[in-house]
Amino acid sequence: MTSQVTIPAKGQPIQLEDGRLIVPNNPIIPYIEGDGIGVDVTPPMIKAVNAAVAKAYQSEREIQWMEVYAGEKATALYDSETWLPEETLALFREYKVGIKGPLTTPVGGGIRSLNVALRQVLDLYVCQRPVQWFTGVPSPVKHPESVDMVIFRENSEDIYAGIEYQAGTEQAKRVIDFLKNEMGASKIRFEEDCGIGIKPVSKEGTQRLVRQAIQYAIDNNRESVTLVHKGNIMKFTEGAFKDWGYELAREEFGGELLDGGPWVVITNPNTGKEIVIKDVIADAMLQQVLLRPEEYSVIATLNLNGDYLSDALAAQVGGIGIAPGANIGDGVAIFEATHGTAPKYAGQNKVNPGSVILSAEMMLRHMGWIEAADLLLKGMSGAIGAKTVTYDFERLMANATLVTCSEFGDCIIEHM
Ligand SMILES: NC(=O)C1=CN([C@@H]2O[C@H](COP(=O)(O)OP(=O)(O)OC[C@H]3O[C@@H](n4cnc5c(N)ncnc54)[C@H](OP(=O)(O)O)[C@@H]3O)[C@@H](O)[C@H]2O)C=CC1
Ligand SMILES: O=C(O)CCC(=O)C(=O)O
Ligand SMILES: [Mg+2]
């Protein structure tokens with residue numbers, strides 16, 4: 001297939017040596033603009049990042065942006081069936097660090113999620129989503145400042161594996177017959193018209209995620225890691241996630257049972273302080289984070305729970321307009337907002353670009369460009385503090401000035 005991508009002549013790839021990123025001064029960063037509001041939020045993100053990098057490092061460092069394609073834009077450029085071109089996957093693999101806007105996934109029929117496919121094909125098994133309040137952001141809760149959590153959502157397994165059979169098909173019938181006749185399943189109701197979904201959860205998949213969550217707690221001096229699961233009902237998937245998580249804490253991090261278990265306590269080798277590894281059942285967790293957020297810090301959970309929890313927690317600190325995220329594997333990382341394509345706002349220059357800008361902040365920190373990352377945070381705090389905000393905040397804030405998506409990006413730059 002013909003290449004549609006222009007590789008920036010001036011740039012160089014980020015490389016990986018012994019698990020460490022080697023970042024040149026002019027790294028090539030692949031990015032996907034995204035469907036829907038991607039066209040609105042991605043340009044201000046690039047502009048704000050360029051401004052932060054220029055301010056932090058003058059002309060010494062500069063990102064060389066390389067547009068790569070997925071979603072609707074890919075179908076227009078390659079062909080109508082090519083939603084996630086091989087070229088895009090190969091370029092993310094080669095250039096190691098990238099960022100993307102949201103991509104549409106139709107409900108029911110049609111293509112499966114391109115977002116999920118990207119994570120699975122590149123094995124970006126950690127979905128890391130920090131949730132923190134910025135002073136002045138309108139929130140539906142009384143103490144949004146008590147929320148300071150980092151979600152580690154398993155990104156490669158669970159029902160997102162896409163093993164599903166539609167009700168009424170020969171495939172669904174065969175799976176149901178197998179479950180009844182060979183596996184002794186006797187509780188499938190209304191089997192003539194029953195869809196079937198399969199939920200794979202493995203020890204390796206669980207432990208590589210929980211390992212990253214505990215390591216993050218160690219590196220960032222956090223006091224707890226909470227395993228969130230629905231193991232009382234799904235014993236061999238979600239229950240196993242909890243057990244494998246505790247096992248890893250004991251066996252790899254020297255954890256000791258706390259008061260006879262199941263909670264485990266490990267010692268942070270950097271500080272000597274204790275880190276508690278605990279677990280909470282997912283439905284209870286949704287009320288815990290509202291009522292007692294200060295008791296939770298790092299969260300490690302399965303794919304679906306993490307998806308729900310991300311949006312719910314984002315609401316507590318102002319909504320998914322400022323909820324960033326990263327998909328991280330052992331070699332490649334792709335940063336992206338928690339929100340989707342918000343189609344009703346697409347192309348209106350209206351939505352909050354904060355989520356993808358904060359995702360870029362995570363990306364700069366991942367690259368070791370800390371000064372530029374700090375400037376993005378400073379700019380964001382300044383713009384919010386000055387009450388120059390997009391519609392999502394303005395509708396909840398007294399005496400705020402409504403600005404467009406691109407103007408908010410400019411306000412961030414002014415406040416760096
Ligand atoms: N990683 C990805 O690429 C993701 C893709 N998706 C896909 O996106 C599509 C739309 O999904 P949908 O369920 O509507 O969820 P969205 O996250 O796209 O939008 C839901 C609502 O969230 C608010 N919102 C979203 N983004 C912003 C923003 N930047 N600034 C301010 N408010 C925002 C809006 O709320 P309000 O109406 O109150 O203003 C919007 O109506 C689907 O195809 C879905 O599959 C979904 C999630 C992630
Ligand atoms: O891929 C999608 O369409 C939805 C993904 C999603 O909701 C998420 O990653 O939070
Ligand atoms: Mg989601």
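All ligand and atom numbering here is 1-based and tracks the order in the structure.
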What's the shortest distance from [atom] to any protein heavy atom, and which residue and atom give it?
atom                    : answer
atom 35 (O) of ligand 1 : Y391 OH, 3.9 Å
atom 4 (C) of ligand 2  : N115 ND2, 4.5 Å
atom 10 (C) of ligand 1 : T341 OG1, 3.5 Å
atom 1 (O) of ligand 2  : S113 OG, 2.5 Å
atom 21 (C) of ligand 1 : I320 CD1, 4.5 Å
atom 41 (O) of ligand 1 : K344 CE, 3.6 Å
atom 7 (C) of ligand 1  : L103 O, 3.6 Å
atom 6 (N) of ligand 1  : G340 CA, 3.4 Å
atom 3 (O) of ligand 2  : T105 OG1, 2.5 Å
atom 25 (C) of ligand 1 : H339 CB, 3.7 Å
atom 1 (N) of ligand 1  : E336 OE1, 3.0 Å

Counting only nitrogen or oxygen atoms and a 3.5 angstrom limit, does [X] reach ligand 1?
X    : value
A342 : yes
V41  : no
Y345 : yes

If you count the atoms of ligand 1 from 1 in the order shown, which ones are under 4.0 Å from a heavy atom of [X]?
X    : value
V351 : 28 (C), 29 (N), 30 (N)
R119 : 1 (N)
N115 : 1 (N), 2 (C), 3 (O), 4 (C), 5 (C)
P102 : 3 (O)
R395 : 36 (P), 38 (O), 39 (O)

Assess whether atom [atom1] of [X] is packed by more than 12 heavy atoms of other residues, nucleotides or ligands within 6.0 Å.
X    : atom1 : answer
K387 : NZ    : yes
K199 : NZ    : yes
E86  : CD    : no
F178 : CZ    : yes
Q348 : CD    : yes

- prompt: Is R153 positioned over the aromatic face of Y160, cation under 6.0 angstrom from the ring centre and no more than 45 degrees off axis?
  reply: yes
- request: With K350 as the cation and Y391 as the aromatic partner, state whether NZ or CZ is under 6.0 Å from the six-membered ring centre and within 45° of the axis.
  value: yes
field: K350 near ligand 1 by a heavy-atom separation under 4.0 Å
entry: no
- prompt: Can you find a non-hydrogen atom of T338 under 4.0 Å from ligand 1?
  reply: yes
Check [X] against ligand 2 and report side chain, backbone, both or neither, counting heavy atoms closer than 4.0 Å.
X    : result
E336 : neither
R129 : side chain
H339 : neither

- prompt: Taking only residues two or more places apart in sequence, or in another chain, which ones meet Y246 in a side chain to side chain donor-acceptor pair (under 3.5 Å)?
  reply: D279
query: So, for Y57 and W369, is the gap between ring centers shorter than 6.0 Å?
result: yes
- prompt: Are any non-hydrogen protein atoms located under 4.0 Å from atom 16 (P) of ligand 1?
  reply: yes
query: Could any protein non-hydrogen atom be found less than 4.0 Å from atom 12 (P) of ligand 1?
result: no
- request: Apply side chain to side chain donor-acceptor pair (under 3.5 Å) to the pair S202 and E157, showing each step before the final yes or no.
  value: CA-CA 8 Å; S202 69; E157 298 195 299; 2.7 Å; yes
- request: Pick, from T104, L103, D307, L304, the option with the minimum heavy-atom distance to atom 7 (O) of ligand 2.
  value: D307
- request: Check each of I32, T105, L118, I37 against atom 42 (C) of ligand 1 and report the one with the nearest heavy atom.
  value: T105
- request: Looking only at N, O or S atoms, find the one in D307 nearest to the Mg ion (ligand 3) and name it.
  value: OD1
So does [Y] get a backbone contact from the side chain of [X], meaning a donor-acceptor N/O pair under 3.5 Å?
X    : Y    : answer
D392 : G321 : no
S146 : E294 : no
Q4   : L77  : yes
N305 : T301 : no

query: Pick from I275, N268, V150: which one makes a side-chain contact (heavy atoms from CB on, under 4.5 Å) with R222?
result: V150
query: Taking atom OG of S113 and atom CD of Q120, what is their separation to the nearest 0.5 Å?
result: 8.5 Å
query: Could you state the interatomic distance from CG (L91) to CD1 (I29), rounded to the nearest 0.5 Å?
result: 12.5 Å
- request: Evaluate the side-chain contact (heavy atoms from CB on, under 4.5 Å) criterion for residues E336 and K100: first the C-alpha distance (whole Å), next the side-chain angles of each, then the deciding distance (0.1 Å), finally the verdict.
  value: CA-CA 5 Å; E336 71 173 331; K100 68 176 276 293; 2.5 Å; yes
query: R119 heavy atoms, cut-off 4.0 Å: which ligand 2 atoms fall inside?
result: 8 (C), 9 (O)
message: Is R153 close enough to touch ligand 2? Criterion: a residue heavy atom under 4.0 Å from a ligand atom.
response: yes
query: Under a 4.0 Å heavy-atom limit, does T104 contact ligand 1 with its side chain, its backbone, both, or neither?
result: both
